[in-house]
A.B. asks: 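Can you read through this structure? Questions will come right after.
Since the model is a prediction, treat every value here as computed from it, not as a measurement. Position 1 is the first residue of the sequence, and the numbers go up from there. The basis for the numbers below is simple: all heavy atoms, side chains too, and nothing from hydrogens, waters or symmetry mates.
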Amino acid sequence: MSVLLDLLRVWDWGRRGLLLLGMMAAMLVGCAPKEKTAPVRVGAEVLAQNDFASLSGQRVGLIANHTTRVDTAHLADRLAAAPTVELGAIFAPEHGFRGTAGAGKAVEDDRDPRTGTPVYSLYGDTRRPTPEMLAGLDALVFDVQGVGARFYTYITTMGLSMQAAAEAELSFVVLDRPNPLGGAHADGFVLEPAHASFVGRYPIPITYGLTIGELARYIQAEQLLPGVGALDLSVVEMKGWSRDMQWPDTGRDWRPPSPNLPTWETALLYPGMCFFEGVRVSEGRGTDAPFRQIGVPWSPAAAQRVVDTLRARNLAGVAVDTTAFTPRSVPGAPAPRFEGERLHGFEVRVTDRRAVEPVKVGLHALHALHQRAQARGDTAFVSRPDHLTRLAGTDRLLTQLRGGASPEAIIASWTEAVSAFRDRRTPALLYGVGSARR
């Protein structure tokens, strides 16, 4: 009998052990990282995956920069190697084909050493392709990563190139890429045509919530440039992108689209912080945090008052701290404002990216700093009023600031126009709302 009891005890402990091992295995399976969802496939990758079939037999011009990638290769290299397509010309926007030229610096014509293709500048004396540049081409292909802000000049280059293609009777193909801010957000003054410039060409809000391909469709549908209505326009759509995706949801690495947007968080804040280009401050160029920190040649106490004001406004999705820095000449930011001078100011940090409303953040920051400048008797604070007006797309911002309007009143003044834009853009949309990956 004792032997039987011993055997039962061994069996019971073995059973318990097996159960325990099973529970541990289940826990490990539950804790194991889930399979990573495939990154969003951009239009260039979709086109290449189809062996460039839609361009077969054509001689194409490529509007491109360093963001024009197909996986790890440059699209120019892939096109040059494709047996059914001839790469006839490359066109470079602001910052150049390699993306290293500083903001506002003229880009020179060149020749791509890898493919031997001539590179024509679209950011120098010529801002749109000329008939001579387009001679012998069948199509223009646009593939440049934007940031979703109206004053980012790549979208002006796209529109002017669409216009040139229409005049030359060439087809125009946009290889779509994500709007880093997402496709649901639109905010800020709608540009008034009287204030159109290269840093704001279309009557759209500062953030417009369209992909580059959707914007091309909107430009054509609304005929925002003469002649584009007759353009043979097509968009190679992305795979796996939805309107509620911000950049981190795409699964793609961030490749800075220009030297002073080194991180996605910088690009998120940029549509509002760019206002500071129009006033007498450092917008952080020449530091490791451009467009995330603002510095002025004031005392630490004066900067602290601005920070206290901004903290009291409880801006959604961001935290504001005091900072001090000294701008230096660096690649992409030669001779920054206040170079070599110790500045005091504030830094904006993203704490909840989905809550951030970048234009409102920038407007509040500009308003607080403008108030402090007025209190100090700094009548030259708005040092570039024409540029501030071009960025805003209206002279109302400057008038409102000088007239003492509250931030809430300024924001309310653009709300109705933004709502109307949202309705008008609907036919241009290519993507719906999905379940954004966190």
A.B. asks: How far apart are the closest heavy atoms of Ala355 and Ala316, and which atoms are they?
C.D. replies: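 Answer, listing the atom of Ala355 first, then Ala316: O-CB, 3.6 Å.
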
A.B. asks: Would you compute the distance between atom CZ of Arg69 and atom CG of Asp71 and round it to the nearest 0.5 angstrom?
C.D. replies: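 So the gap between those two atoms works out to 10.0 Å.
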
A.B. asks: If I take atom CZ from residue Arg217 and atom CD1 from residue Ile219, how far apart are they, to the nearest 0.5 angstrom?
C.D. replies: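 If we round to the nearest 0.5 Å, Arg217:CZ and Ile219:CD1 are 12.5 Å apart.
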
A.B. asks: Check this for me, if you would: do Arg390 and Glu277 make a salt bridge, where the nitrogen-to-carboxylate-oxygen distance has to be below 4.0 angstrom?
C.D. replies: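 Not counted as a salt bridge, because no side-chain N and carboxylate O are separated by less than 4.0 Å.
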
A.B. asks: Is it true that atom CZ of Arg59 has more than 12 heavy atoms of other residues, nucleotides or ligands lying nearer than 6.0 Å?
C.D. replies: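 Enclosed: over 12 neighbouring heavy atoms sit under 6.0 Å from CZ of Arg59.
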
A.B. asks: Taking all non-hydrogen atoms of both residues, which atom of His344 and which atom of Pro300 are closest, and how far apart?
C.D. replies: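 Smallest heavy-atom distance, with atoms named: CE1-CG, 3.5 Å.
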
A.B. asks: Within a 6.0 Å radius of atom CD on Glu169, are there more than 12 heavy atoms belonging to other residues, nucleotides or ligands?
C.D. replies: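 For Glu169, atom CD is not crowded (no more than 12 foreign heavy atoms under 6.0 Å).
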
A.B. asks: Is there a donor-acceptor contact under 3.5 Å linking the side chains of Thr266 and Thr263?
C.D. replies: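 Yes, side-chain donor-acceptor contact under 3.5 Å.
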
A.B. asks: Write down the atom of Phe291, the atom of Arg285, and the distance for their closest heavy-atom approach.
C.D. replies: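 So the two residues come closest at CZ-NH2, 3.5 Å.
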
A.B. asks: Can you tell me how the ring of Trp298 sits relative to the ring of Phe381, calling it parallel under 30°, perpendicular over 60° and tilted otherwise?
C.D. replies: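 Trp298 vs Phe381 ring planes: tilted.
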
A.B. asks: Should the ring pair Phe276 and Phe346 be called parallel, tilted or perpendicular, given that the plane angle runs from 0 to 90° and is split at 30 and 60?
C.D. replies: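 Correct class here is perpendicular.
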
A.B. asks: Are the side chain of Arg177 and the backbone N or O of Gly146 linked by a donor-acceptor pair below 3.5 Å?
C.D. replies: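 Checking the backbone N and O of Gly146 against the side chain of Arg177, no donor-acceptor pair under 3.5 Å is found.
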
A.B. asks: Say you draw a straight line from OG1 of Thr67 to CH2 of Trp254; how long is it, rounded to the nearest 0.5 Å?
C.D. replies: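 Reported to 0.5 Å precision, the distance equals 9.5 Å.
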
A.B. asks: Would Thr309 and Gln371 count as having a side-chain donor-acceptor pair, cut-off 3.5 Å?
C.D. replies: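 Their side chains do not contain a donor-acceptor pair, so the 3.5 Å distance test is not met.
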
A.B. asks: Ignoring hydrogens and angles, state whether a donor on the side chain of Arg353 or Gln246 is under 3.5 Å from an acceptor on the partner side chain.
C.D. replies: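 Indeed, the side chains of Arg353 and Gln246 share at least one donor-acceptor pair under 3.5 Å.
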
A.B. asks: Evaluate side-chain contact (heavy atoms from CB on, under 4.5 Å) for Val60 paired with Leu87, printing each intermediate quantity in order.
C.D. replies: CA-CA 5 Å; Val60 303; Leu87 180 62; 4.3 Å; yes

A.B. asks: What I'd like to find out is whether the side chain of Thr115 reaches to under 4.5 Å of the side chain of His74, using heavy atoms alone.
C.D. replies: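 No - every pair of side-chain heavy atoms lies 4.5 Å or more apart.
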
A.B. asks: Which pair of heavy atoms, one from Leu401 and one from Leu366, lies closest together, and at what distance?
C.D. replies: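 In terms of heavy atoms, the two residues are closest at CD1-CD2, 3.8 Å.
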
A.B. asks: Arg111 side chain to Gly116 main-chain N or O, any donor-acceptor pair under 3.5 Å?
C.D. replies: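 Yes; judged by distance alone, with no hydrogens or angles, the pair exists.
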
A.B. asks: Between Tyr152 and Ser258, is there a side-chain donor-acceptor contact under 3.5 Å, judged purely by atom types and distance?
C.D. replies: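 Yes, a side-chain donor-acceptor pair sits under 3.5 Å.
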
A.B. asks: Taking the side chain as C-beta and beyond, is there a heavy-atom pair between Asp138 and Glu86 under 4.5 Å?
C.D. replies: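 Counting from C-beta outward, Asp138 and Glu86 never come under 4.5 Å.
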
A.B. asks: As an exercise, state the distance from NE2 of His185 to CD of Glu357, rounded to the nearest 0.5 Å.
C.D. replies: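 One finds 5.5 Å between NE2 of His185 and CD of Glu357.
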
A.B. asks: To the closest 0.5 Å, what do you measure between CG (Leu160) and OG1 (Thr126)?
C.D. replies: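 Those atoms lie 11.5 Å apart.
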
A.B. asks: Do the non-hydrogen side-chain atoms of Tyr270 and Pro290 ever get within less than 4.5 Å of each other?
C.D. replies: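 Of all side-chain heavy-atom pairs linking Pro290 with Tyr270, none is under 4.5 Å.
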
A.B. asks: Nearest heavy-atom pair of Gly188 and Trp414: which atoms, and what distance?
C.D. replies: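 The pair with the smallest heavy-atom distance is N-NE1, 3.4 Å.
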
A.B. asks: Does any non-hydrogen side-chain atom of Leu75 lie less than 4.5 Å from one of Leu79?
C.D. replies: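 Yes, their side chains come closer than 4.5 Å.
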
A.B. asks: Can we say Glu265 and Arg349 salt-bridge, meaning some charged N sits less than 4.0 Å from an Asp/Glu carboxylate O?
C.D. replies: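 Between Arg349 and Glu265 there is no salt bridge, as every charged N stays at least 4.0 Å from the carboxylate O atoms.
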
A.B. asks: Check Tyr202, Tyr218, Tyr208 against Phe421 for a ring pair (Phe, Tyr, Trp, His ring centres under 6.0 Å) and give me the one that passes.
C.D. replies: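 Among the candidates, only Tyr218 passes.
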
A.B. asks: Describe, in one word, how the ring planes of Phe198 and Tyr123 are oriented to each other, choosing from parallel (under 30°), tilted (30 to 60°) and perpendicular (over 60°).
C.D. replies: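 It falls in the tilted class, 30° to 60°.
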
A.B. asks: Can you confirm whether Asp253 is buried at CG, in the sense that more than 12 heavy atoms of other residues, nucleotides or ligands lie under 6.0 Å from that atom?
C.D. replies: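 It does not: Asp253 CG has 12 such atoms or fewer within range.
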
A.B. asks: Quick one: does any side-chain atom of Gln145 pair with a main-chain N or O of Pro178 as donor and acceptor, under 3.5 Å?
C.D. replies: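 Indeed, once roles are kept as given, a pair shorter than 3.5 Å links the two residues.
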
A.B. asks: Hey, does Glu214 have a side-chain heavy atom less than 4.5 Å from the side chain of Tyr431?
C.D. replies: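 They are in side-chain contact.
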
A.B. asks: I'd like to know if Arg78 and Asp51 make a salt bridge, using a cut-off of under 4.0 Å between side-chain N and carboxylate O.
C.D. replies: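 No salt bridge links Arg78 with Asp51.
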
A.B. asks: Ignoring hydrogens and angles, state whether a donor on the side chain of Glu94 or Thr157 is under 3.5 Å from an acceptor on the partner side chain.
C.D. replies: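 Looking only at side-chain atoms, Thr157 and Glu94 do not form any donor-acceptor pair under 3.5 Å.
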
A.B. asks: For Pro180, does its backbone N or O pair with a side-chain atom of Trp264 as donor and acceptor, under 3.5 Å?
C.D. replies: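 Checking the backbone N and O of Pro180 against the side chain of Trp264, a donor-acceptor pair under 3.5 Å is found.
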
A.B. asks: I want to check something: taking the side chain as every heavy atom from C-beta on, are Asp321 and Arg311 in contact at a cut-off of under 4.5 Å?
C.D. replies: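 When only atoms from C-beta onward are counted, Arg311 and Asp321 do touch, with a gap below 4.5 Å.
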
A.B. asks: Does the Gln220 side chain pair with the main chain of Leu231, one donor and one acceptor, at a distance under 3.5 Å?
C.D. replies: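 Yes: the side chain of Gln220 pairs with the backbone of Leu231.
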
A.B. asks: For Arg128 and Gln163, run side-chain hydrogen bond (donor to acceptor under 3.5 Å, both in side chains): C-alpha distance rounded to whole Å, both residues' side-chain angles, the deciding distance at 0.1 Å, then the answer.
C.D. replies: CA-CA 9 Å; Arg128 50 171 275 173; Gln163 192 178 37; 3.2 Å; yes

A.B. asks: With no hydrogens and no angle check, is any side-chain donor or acceptor of His367 less than 3.5 Å from a backbone partner on Ala405?
C.D. replies: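 Yes: the side chain of His367 pairs with the backbone of Ala405.
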
A.B. asks: I'd like to know whether CG of Asp352 has more than 12 heavy-atom contacts from other residues, nucleotides or ligands below 6.0 angstrom.
C.D. replies: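 Atom CG in Asp352 is packed in, count exceeds 12.
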
A.B. asks: Show your working on side-chain contact (heavy atoms from CB on, under 4.5 Å) between Arg292 and Val348 and close with a plain yes or no.
C.D. replies: CA-CA 5 Å; Arg292 288 190 291 121; Val348 180; 5.7 Å; no

A.B. asks: Go through the steps to decide whether Arg422 and Asp187 satisfy the test salt bridge (Lys or Arg N to Asp or Glu O under 4.0 Å), and finish with yes or no.
C.D. replies: CA-CA 10 Å; Arg422 285 179 176 275; Asp187 206 9; over 6 Å; no

A.B. asks: Could you go through Glu222 and Arg425, starting from their C-alpha distance and side-chain angles, then the distance that decides it, and tell me whether this counts as side-chain contact (heavy atoms from CB on, under 4.5 Å)?
C.D. replies: CA-CA 9 Å; Glu222 297 290 320; Arg425 74 177 183 175; over 6 Å; no

A.B. asks: With the side chain counted from C-beta on, respond yes when Leu397 and Leu363 share a heavy-atom pair under 4.5 Å apart, and no when they do not.
C.D. replies: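 Yes - at least one pair of side-chain heavy atoms lies under 4.5 Å apart.
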
A.B. asks: Looking at Arg150 and Ile204, would you say the former's side chain and the latter's main chain have a donor-acceptor pair under 3.5 Å?
C.D. replies: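 Pair found, side chain donor or acceptor close to backbone of Ile204.
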
A.B. asks: Mark yes or no for whether Asn50, through its side chain, and Phe52, through its backbone, hold a donor-acceptor pair below 3.5 Å.
C.D. replies: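 Not at all, since once roles are kept as given, no pair shorter than 3.5 Å links the two residues.
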
A.B. asks: Judged by atom type as modelled, is there a donor-acceptor pair below 3.5 Å linking the side chain of Glu339 to the main-chain atoms of Pro327?
C.D. replies: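 Absent.
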
A.B. asks: Distance from Leu391 atom CG to His195 atom NE2, nearest 0.5 Å?
C.D. replies: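 Answer for the CG-NE2 pair, Leu391 versus His195, is 12.5 Å.
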
A.B. asks: Salt bridge check, Asp176 against Arg41: does any charged N sit closer than 4.0 Å to a carboxylate O?
C.D. replies: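 Salt bridge flag = no for Asp176 with Arg41.
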
A.B. asks: Testing the basics here: between Ile206 and Pro271, what is the closest heavy-atom pair and its distance to 0.1 Å?
C.D. replies: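 Shortest heavy-atom separation between Ile206 and Pro271 comes out as CG2-O, 3.7 Å.
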
A.B. asks: Under a 3.5 Å distance rule, please check whether Arg252 uses its side chain to pair with a backbone N or O of Val40 as donor and acceptor.
C.D. replies: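 Flag set: sc Arg252 to bb Val40 pair under 3.5 Å.
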
A.B. asks: One pair to check against side-chain contact (heavy atoms from CB on, under 4.5 Å): Phe151 and Ser197. What are the steps and the verdict?
C.D. replies: CA-CA 9 Å; Phe151 34 66; Ser197 70; over 6 Å; no

A.B. asks: On the 0 to 90° scale, with breaks at 30° and 60°, tag the Tyr154-His95 ring pair as parallel, tilted or perpendicular.
C.D. replies: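 Answer is perpendicular, since the angle exceeds 60°.
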
A.B. asks: Are any non-hydrogen side-chain atoms of Met238 and Leu430 less than 4.5 angstrom apart?
C.D. replies: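 A side-chain contact is absent here, since even the closest heavy-atom pair is not under 4.5 Å.
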
